[in-house]
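One structure below.
What you see is a predicted model; the values in this text were computed from it and never measured. A, B, ... follow the sequence lines: proteins, then strands. Residue 1 opens every chain. Only this structure's heavy atoms are used, side chains among them; waters, hydrogens and symmetry mates stay out.
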Protein chains: 2
Amino acid sequence: MGERATIRDVAARAGVSVATVSRVLAGTYPTSAGSRAKVLRAAKDLDYVANAHARALAGAGRKTIAVLMLDVVSSFYAAVAQGVEREAAQHDRFTLVASTGADPARELALVQMMREQATEAVVLVGGVVEDAEYRERMAQYAQSLAAAGSRLVLCGRPAPAPDVPAVVVEYDNEAGAYAVTSHLLGAGHRRIAMIGFQPGNTTGEDRVRGYLRALEDHGVPASDALLHGIGFGQHNGDEAIRGLLDKCAGKPDFTAVFAGDDRVAAAAIKALAEYGLRVPRDISVVGYNDDPVAADITPGLTTVHIPGEEMGRTAVRLALGGTDRTGQRRRLLGTHIVVRDSVRRLTP
Amino acid sequence: MGERATIRDVAARAGVSVATVSRVLAGTYPTSAGSRAKVLRAAKDLDYVANAHARALAGAGRKTIAVLMLDVVSSFYAAVAQGVEREAAQHDRFTLVASTGADPARELALVQMMREQATEAVVLVGGVVEDAEYRERMAQYAQSLAAAGSRLVLCGRPAPAPDVPAVVVEYDNEAGAYAVTSHLLGAGHRRIAMIGFQPGNTTGEDRVRGYLRALEDHGVPASDALLHGIGFGQHNGDEAIRGLLDKCAGKPDFTAVFAGDDRVAAAAIKALAEYGLRVPRDISVVGYNDDPVAADITPGLTTVHIPGEEMGRTAVRLALGGTDRTGQRRRLLGTHIVVRDSVRRLTP
DNA sequence: CTGAAAGCGCTAACAA
DNA sequence: TTGTTAGCGCTTTCAG
């Protein structure tokens, strides 16, 4: 107990050489039925399993793919992780998961570790504040990973520079925001508030841009008074709505709210209810992400679906240089609106 | 590019032996400032990182812990995974995540693989159907893992048998169910329906047991007509409510609903709304899990908090034989009610 | 303080 | 078909 059997033990018990054992176990080489049987028998008796490290050292063995993200519990990250895990499993790879907790230092340490592990690819997930420091850090990761025969995959993050050896998988935040905003506009809304986005964060800013562009294309003037950022997450939805409503003594000067993500939207709905405002009767609300919560709340939330799992899958497919017809190193995934019951059509 | 530098390259460049390089880099042995500097320099120049596999083979290196679960996206599983990952990181371990998709064959294959990886522990998460086959399977895992110097940790799953070498971390499903049901009873409810649990699944059955026991202790007769199982998850909440309501032509013969989990509860609230029934005005609803959705929906859902992350942490702590004063191999974690706004006090 | 050398467990030539 | 043997890259005695 505690000491696992080695290939030598199996060979001894089966009365053959270690090479023969290796061959029948790998199955990649002709062996006589006799030795095969003996070896299999011995292996079973000893409850033998090969040492993956030795195997890896000798140049064979299963490869692994690493996913690094802020946390594992946000539904979007979880979806990406699941996509990576599933696709990796299909390609006979393992998935190593680690969370960075938004700490660049820890991220760096993890990238190093993954390099030591000889992971085939390192997938970094999640929106970030895109500054010069960020770009340089990514470029460095990509370089050192590439030098070690691995590669960097950026998921839902901006690409650092065209010549940096990284794979990038994104989804179109701006287009999605444009689409939901247009949906609201199409339903007759003109005074549309946008809340719950983090200034500086790429994801949030892209969404704001889509919102603004939709407004402009429909000839509706944007108003700073209706823009209420701060950040994603539940808390911010509540605060944003109160901020908006307190300005006008509870008599809203908007008919619809576009929340930066679904949890913000849920919180907004809650806050509205406290002011006696019901959705969609009094105010229409749309969100972003198609988080599970969007389908769970009452009324069902109209939102933008983002392909989390698909991103994860695409990430590993591209990383493995798989069957991607285009052979591109950059991929933009589409989003689409999911219409539920949180938008009311205005009939003027 | 593609060929990583080895310790020999570093030694050559620094003009010392590989042994010296190893010592300097490990830092666990006295070395002269001179060599130290040369080695560090060379390592940096070559962008050298040690090969984790070689290191592991040689008996050193970072250990890893594996988590195997149904999927990564359910919030409870994600929370457990996060707990494992964080605690493991604190103990300087890696976390390998894989999903079984409820397939025993895949589960078996994964346990084998993890054994090959020489993972220090394998954590299995999630409620299951507890039958003889299950017990035997777990016993086998535990044996073969133990034989390989690893160990099995069961999280939120029943223990196989007292003599099986496994660590078990559970939480008290029955007590939690007893508590919320009592909460409802205490608010004056007598006709309490229970929906959304999977017959045969240990988690669900424990919850039903707690519900039944609370009813009995309060002298309230249980009624089969108010028990509507089927399974966890969103779909089932909807169906269950319709089933209940259609039986009585939309005029409910119950005043409260205890849903097997929060997503079922959310779906129930939605279905009730379609019948014109509002929560908590017309019907009170409670859930289980304290899923993020419980806080997000309107009204906030009163539910039972289960310590997902804490379970993950405890799992690795016990697995590593850490600072657990009791030295136990089995641990029952507590749950507690989170009171929000989905229960109305009945004043008769 | 440092170097030489013996493995860790496995795979893959190379011979037989 | 099978055995022998030389590594894979690193750590760690054991000498010096």
Fill in the blank from the handout: Per atom distances to the Ala19(B) side chain, the nearest of dT1(D), dG3(C), dT11(D) is dG3(C)
Practice task
Rounded off to whole Å, could you give me the CZ-to-P distance for the Arg55(B) and dC10(D) pair?
Solution key: 8 Å
Handout entry: Short side-chain donor-acceptor distance under 3.5 Å, Thr31(B) and Arg23(B)
Key = no
Problem - Donor-acceptor side-chain pairing of Gln112(B) and Arg115(B) below 3.5 angstrom - result: yes
Fill in the blank from the handout: Among dC14(D), dC10(D), dC1(C), the one nearest any side-chain atom of Arg23(B) is dC14(D)
Practice task
May I ask you to evaluate whether Ser17(B) reaches the phosphate of dG3(C), defined as a side-chain N or O under 4.0 Å from OP1 or OP2?
Solution key: yes
Exercise for the section: When you get a sec, tell me which of dC1(C), dC8(C), dG7(D) is the closest nucleotide to the side chain of Leu57(B)? Expected result: dC8(C)
Practice task
May I ask you to evaluate whether Thr20(B) reaches the phosphate of dG3(C), defined as a side-chain N or O under 4.0 Å from OP1 or OP2?
Solution key: yes
Exercise for the section: Establish whether the base of dG9(C) is bridged to the side chain of Arg4(A) by a donor-acceptor pair shorter than 3.5 Å. Expected result: no
Practice task
Can you tell me the distance, in whole Å, between the CZ atom of Arg8(B) and the P atom of dC8(D)?
Solution key: 6 Å
Exercise for the section: Mind checking Ala50(A) for me? I need base, sugar-phosphate or nothing, with any heavy atom below 4.0 Å counting as a touch. Expected result: sugar-phosphate
Exercise for the section: Determine yes or no for a side-chain-to-main-chain donor-acceptor pair under 3.5 angstrom, with Ser32(B) supplying the side chain and Ser35(B) the backbone. Expected result: yes
Problem - Asp71(A) and Ser74(A): side chain donor to acceptor below 3.5 Å - result: yes
Exercise for the section: Determine the contact category for Val21(B): base if any of its heavy atoms lies under 4.0 Å from a base atom, sugar-phosphate if only primed atoms, P, OP1 or OP2 are that close, otherwise nothing. Expected result: nothing
Handout entry: Ala60(B), nearest nucleotide to its side chain (from dG9(C), dT11(C), dT11(D))
Key = dT11(D)
Exercise for the section: Would you indicate, yes or no, if dT2(C) has its OP1 or OP2 atom less than 4.0 angstrom from a side-chain nitrogen or oxygen of Ser32(B)? Expected result: yes
Practice task
Report yes if at least one side-chain N or O of Thr6(B) is closer than 4.0 Å to OP1 or OP2 of dC8(D); otherwise report no.
Solution key: no
Handout entry: Of the listed nucleotides dC14(C), dT11(D), dC10(C), the one nearest the side chain of Ser22(B)
Key = dT11(D)
Practice task
Measure from the side chain of Ile7(B), starting at C-beta and using heavy atoms only, and say which of dT11(D), dC8(C), dT2(C) lies closest.
Solution key: dT11(D)
Handout entry: Residue whose nearest DNA chain C nucleotide is more 5′ - Arg36(B) or Gly59(A)
Key = Arg36(B)
Problem - Nearest-angstrom distance from the residue atom NZ of Lys38(B) to P of dG3(C) - result: 8 Å
Handout entry: Side chain of Val18(A) - closest among dG3(C), dT11(C), dC10(D)
Key = dT11(C)
Practice task
State plainly whether the residues Arg157(B) and Glu170(B) are in salt-bridge range, i.e. N to O under 4.0 Å.
Solution key: no
Practice task
Find which nucleotide of DNA chain D each of Tyr29(B) and Tyr48(B) is nearest to by heavy atoms, and output the residue with the more 5' nucleotide.
Solution key: Tyr48(B)
